[in-house]
Amino acid sequence: MGIGKSRITPSINVDDMLEQAEINHEIEAEKQDAEKRLAEVREANDALVKIHQDLQDAIKAERDAAMILKTAIDSSNNIINGICNAIVKAERDTQFKATIKSEHLAQLQQLLNQAAKAWKTVLENHHSEQMKMLTEHESNMRKLLRRNEGVWFSDFWMKVLVIFLLVYTVALGLVVYYAR
């Protein structure tokens, strides 16, 4: 559609103008949207740069702390080594002086003599008790042998008796078995 046809000026196409205005409007809207997004990207970039700087500061602080801790560990190791060396030196260089007086030796000798006497008495009592028990046992054995009480077998005769009783029992069992 065109407005006013004149011979000197060309005709104006309203539809093309409206389309052009719409396109310009869309371009302007997209341009504003792009500027808005660009501003957001710039803000995010600034935030990332600040975070990056903070991380670098934290890494530097961590390195400094690690160096301080390493220095403290080395210092504590030196202190421990110094203490250990001092203890070893004190043990090596310290000498104890002990004196024993003659009265103490005399007391010790008295105690040893008393202990020896006590042990001698205990051993003598034990020996006399054993001798008394042995004599009593011998006396009892003589009495048994005089009266011929009890049965005495040597190892050989005991074996003969056991074999005889075994053979006798087997033979008796066979006789009873076949007699039925």
Peer 1: Side chains of K120 and L123: does their closest heavy-atom pair fall under 4.5 Å?
Peer 2: no
Peer 1: Are the side chain of S75 and the backbone of T71 linked by a donor-acceptor contact shorter than 3.5 Å?
Peer 2: no
Peer 1: Could you see if Y178 belongs to whatever hydrophobic cluster contains V170? Use Ile, Leu, Val, Met, Phe, Trp, Tyr and a side-chain cutoff under 4.5 Å.
Peer 2: yes
Peer 1: What's the verdict on side chain to side chain contact (heavy atoms under 4.5 Å, CB included) for M133 and Q130, showing C-alpha distance, side-chain angles and the deciding distance?
Peer 2: CA-CA 5 Å; M133 288 172 60; Q130 278 187 335; 5.6 Å; no
Peer 1: Check this for me: I100, atom CD1, are more than 12 non-hydrogen atoms of other residues, nucleotides or ligands nearer than 6.0 Å?
Peer 2: no
Peer 1: Got a second to check how far L105's CG is from L112's CG, nearest 0.5 Å?
Peer 2: 10.5 Å
Peer 1: Check whether the side chains of E28 and N24 place a donor and an acceptor atom closer than 3.5 Å, and report yes or no.
Peer 2: no
Peer 1: Nearest 0.5 Å please: distance from the CG atom of L69 over to the OG atom of S76.
Peer 2: 10.5 Å
Peer 1: Looking at D46 and K50, does any basic side-chain N land under 4.0 Å from a carboxylate oxygen?
Peer 2: no
Peer 1: Please round to the nearest 0.5 Å and tell me the distance separating atom CD of E22 and atom CD1 of I27.
Peer 2: 11.5 Å
Peer 1: Are K117 and Q114 side-chain neighbours, meaning at least one heavy-atom pair lies under 4.5 Å?
Peer 2: no
Peer 1: Could you check whether any side-chain N or O of N85 sits under 3.5 Å from a backbone N or O of N81, counting only pairs where one atom can act as donor and the other as acceptor?
Peer 2: yes
Peer 1: Looking at M131, is its backbone amide N or carbonyl O close enough to the side chain of T135 to form a donor-acceptor pair, meaning the two atoms are under 3.5 Å apart?
Peer 2: yes
Peer 1: Are the side chains of I87 and E91 in touch, meaning some heavy atoms are under 4.5 Å apart?
Peer 2: yes
Peer 1: Taking only Lys NZ, Arg NE, NH1 and NH2, and the carboxylate oxygens of Asp or Glu, determine whether E40 and R37 approach each other closer than 4.0 Å.
Peer 2: no
Peer 1: What distance do F164 atom CZ and T169 atom OG1 have between them, rounded to the nearest 0.5 Å?
Peer 2: 9.0 Å
Peer 1: Using 0.5 Å steps for rounding, measure from the CD atom of E35 to the CD atom of Q32.
Peer 2: 7.0 Å
Peer 1: Under a 3.5 Å cutoff, is there a donor and acceptor pairing between the side chains of D57 and Q53?
Peer 2: yes
Peer 1: Quick one: do Q109 and N113 satisfy side chain to side chain contact (heavy atoms under 4.5 Å, CB included)? Show the steps, please.
Peer 2: CA-CA 6 Å; Q109 188 61 42; N113 289 339; 3.2 Å; yes
Peer 1: Counting C-beta onward and ignoring hydrogens, is there a side-chain heavy-atom pair between N77 and I73 closer than 4.5 Å?
Peer 2: yes
Peer 1: Once rounded to the nearest 0.5 Å, what's the spacing between atom CH2 of W119 and atom NE2 of H126?
Peer 2: 11.0 Å
